[in-house]
Amino acid sequence: MRQKREDVRNVAIIAHVDHGKTTLVDELLKQSGVFRENQEVAERVMDSNDIERERGITILSKNTAVMYKGTKINIIDTPGHADFGGEVERVLKMVNGVILVVDAFEGAMPQTKFVLRKALELKLPVIVCINKIDRPEARPDEVVDEVLELFLELDADDAQLDCPFVFASAKTGVASLDADTPGTSMEPLFETILDYIPAPVGDPEEGTQVLISTIDYNEYVGRIGVGKVDNGVIRVNQEVVICNHHEPDKQTRVKVSKLYEFDGLNKVEVKEAGIGSIVAISGISDIHIGDTLCSPDRIEPIPFQKISEPTISMEFMVNDSPLAGLEGKFVTSRHLRDRLFRELNTDVSLRVEETDSPDRFKVSGRGELHLSVLIENMRREGFEFAVSKAEVLYRTDASGQRLEPMELAYIDVPNDFAGAVIEKLGQRKGELRNMGTISGGTYTRLEFSIPARGLIGYRGEFLTDTKGNGILNTIFDGYAPYKGDIQYRKQGSLIAFEAGESITYGLYNAQERGILFIGPGEKVYSGMVVGQTGKAEDIEINVCKKKQLTNTRSSSADEALRLTPPKILSLEQALDFIDTDELLEVTPTSLRIRKKILDPTLRKRAGFSKK
């Protein structure tokens, strides 16, 4: 008989990037007594890996659990960035309700719409938390109206429309049910969770059913499946069958060797877990997202939506430049292959394919950020390799027409810069769908439909065009017919034509030709890109040129040569900058841009054959 388990609540926190989800979880953990009085707690404690901390974004969804008035609240912190949307889709299967966090100034943003649509499709009740109400420019009343309009737009039913609103400042750790009266603690939010999020329902007498929604990976125990117990009880040493809704033939008998539940930030070993519990299961090597663990006498897989397909790909290859192998620890194709296939253990939105060359792999993901996080992780681990420019993945429909992935771009810019943005996106095949003013008429909000390849390499330009004041958000919007060719870059590259070390004299003469990416004393090789020129074609320069010494002393000989400081590119800027005939050489200490064909004669020949 199906029954409720009143001492458990399972809730996911969803929102647009940077609206304060992780900070909110911090406060819920602190105020529920997870930490000792004198314990030192890092800010954004759930963002556990280095890149998450540095960039201030959540990449992997994470589980935690707090106790409040005898009820265990399992909380899942999810990513807000569109590139990691696959994470959000999956974890919603584990919960019985969601907390939608919306910034009291920015209001409903594209990712808010995306994650809310997923929650409403699964008929999950929603608590709306208007966060950052202590911001000087906060406008909570208008934002409440925006959120309700969004609910109507997404066809929410009456029960979902009747959702509670909580007004919070996660930074100061207070929440209240009224925008005008500030709260004193997070208690109103805790109470709303208990009142409004339904308790999990299941049949403890039936056969075991656990749907695996996320995968963790540990060097020592291998794959760890995380999921919710839907029916029955799961025990240590129990024999279960792995089956999958999308693969009817898959049925493997396995044994549960270790079972964990979440408590605060830790996993605690348990002997058994009942309905509604979120558990981590280790010891099963062949466990994947979407698998259901069932009792052998009742094999019934739980339906699970397919993971969104990747839209963008890059080639990862062994570094073969003249400076290869000097800085990295792992440089061979075997190292590269093992590392990329190991990433598939935890990242289900990623695809890795072998190509006709053993030194080259095609890696596909959800967006530029998705792949750049992988590249950054690998270089920190000591890998050295090269990557090509990101390219979109095309499809063909039944009639043979070529389709390409489209994005919806939402852009907030000060009114003075709107014209420049519209012009640039127009050149990249963007189509202006909507235009309006926000923030008292000082900002313009633009809505574009644009091919995904039109946004490759645009973010850097966008920040320059808007003097750093613009906000650009994008979200995948399905496939549409091919929109025509786009010219990615109008400027050419400055290419070094001899190997050696860059000299101040050579750089001084080269800097008149464009913007340099290197300073004096750096190793260069023929075919390496050392800067950007203002002209459309590439220019070859000699940055290793020394001044010829003579025995006549000129009046200006002793004047110091003044160099303009070089433009040092970050990983994202370098990935944005490279063109289709260039590669980015990635090592633990350096990022170098180079031409695919290093020899200048062969390069010219290849250029002419293309024409």
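Keep in mind that this is a model prediction, so the values were computed, not measured. Residue indices begin at 1 and follow the sequence shown.
Between the side chain of Arg428 and the backbone N or O of Ile456, at least one donor-acceptor pair lies under 3.5 Å. In this structure a side-chain-to-backbone donor-acceptor pair under 3.5 Å is present from Arg603 to Leu598. Proximity of a side-chain donor or acceptor of Asp579 to a complementary backbone N or O of Glu582 within less than 3.5 Å is not detected. Looking at Asn319, its side chain never comes within 3.5 Å of a backbone N or O of Glu585 through a donor-acceptor pair. Without hydrogens or angle criteria, Lys596 side chain to Asp581 main chain gives no donor-acceptor distance under 3.5 Å. Thr311 contributes no side-chain N or O that, together with a main-chain N or O of Ala452, makes up a donor-acceptor pair within less than 3.5 Å.
For the residue pair Ser357 and Asp359, no side-chain donor N or O sits within less than 3.5 Å of a side-chain acceptor on the partner. A donor atom on one side chain and an acceptor atom on the other are not found under 3.5 Å apart for Ser502 and Glu522.
Partner of Val387 under the side chain to side chain contact (heavy atoms under 4.5 Å, CB included) criterion, out of Val363, Leu575, Leu583: Leu575 alone. Residue Val524 is tested with Ile518, Ile495, Val529, Asn542 for a side chain to side chain contact (heavy atoms under 4.5 Å, CB included); the sole match is Ile518.
The nearest pair of heavy atoms linking Gly325 to Glu384 is N-OE2, 2.6 Å. Between Phe577 and Gly531 the shortest heavy-atom distance is CZ-O, 4.4 Å. In this structure, Lys389 and Thr580 approach most closely via the heavy-atom pair CD-N, 4.0 Å. The two residues Leu393 and Pro405 make their nearest non-hydrogen contact at O-CD, 3.4 Å. Taking every heavy atom of both residues into account, Ala119 and Val98 meet most closely at CB-CG2, 4.0 Å. Looking at every heavy atom in both residues, Ile541 comes nearest to Ala510 through CD1-CB, 3.5 Å.
The salt bridge (Lys or Arg N to Asp or Glu O under 4.0 Å) analysis of residues 314-331, with sequence neighbours excluded, yields the pairs Glu315-Arg360, Asp320-Arg594, Glu327-Arg592.
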Carefully, step by step, assess Leu293 and Ile281 under the rule side chain to side chain contact (heavy atoms under 4.5 Å, CB included). CA-CA 10 Å; Leu293 301 183; Ile281 300 157; 3.5 Å; yes
Take Ile312 and Ser364 through the side chain to side chain contact (heavy atoms under 4.5 Å, CB included) test and state the conclusion after the steps. CA-CA 6 Å; Ile312 210 165; Ser364 311; over 6 Å; no
Carefully, step by step, assess Gln532 and Phe517 under the rule side chain to side chain contact (heavy atoms under 4.5 Å, CB included). CA-CA 8 Å; Gln532 176 182 4; Phe517 297 158; 3.9 Å; yes
What do the steps show when you test Ile515 against Thr533 for side chain to side chain contact (heavy atoms under 4.5 Å, CB included), and what is the final call? CA-CA 6 Å; Ile515 300 163; Thr533 158; over 6 Å; no
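Within the 4.5 Å cutoff, side-chain heavy atoms of Met406 are placed close to those of Ser449. Counting heavy atoms from C-beta on, the side chains of Thr564 and Leu516 never come closer than 4.5 Å. Taking the side chain as every heavy atom from C-beta outward, Leu446 and Arg433 never approach each other to under 4.5 Å. Between Leu591 and Leu584 there is a side-chain heavy-atom pair separated by less than 4.5 Å. Contact check for Val279 versus Val226: no side-chain heavy atoms found under the 4.5 Å cut-off. Annotation: side chain of Met314 is in contact with side chain of Ile375 (closest heavy-atom distance under 4.5 Å). Between Ser372 and Leu374 there is no side-chain heavy-atom pair separated by less than 4.5 Å. Residues Lys424 and Asp465 have side chains in contact (heavy-atom distance under 4.5 Å, counting atoms from C-beta outward).
Within a 6.0 Å radius of CZ in Arg339, more than 12 heavy atoms belonging to other residues, nucleotides or ligands are found. Within 6.0 Å of NZ in Lys523 there are 12 or fewer heavy atoms belonging to other residues, nucleotides or ligands.
Between Asp485 and Lys429 no salt bridge is recorded (no basic side-chain N to carboxylate O distance below 4.0 Å). No salt bridge links Arg453 with Glu391; every basic N to acidic carboxylate O contact stays at or beyond 4.0 Å. A salt bridge does not link Lys483 with Glu404: every distance from a Lys NZ or Arg NE/NH1/NH2 to an Asp or Glu carboxylate oxygen is 4.0 Å or more.
Centroid-to-centroid, the aromatic rings of Phe316 and Phe385 come within less than 6.0 Å.
Ring geometry for Phe330 against Phe383 counts as tilted: the plane angle lies between 30° and 60°, on a 0 to 90° scale.
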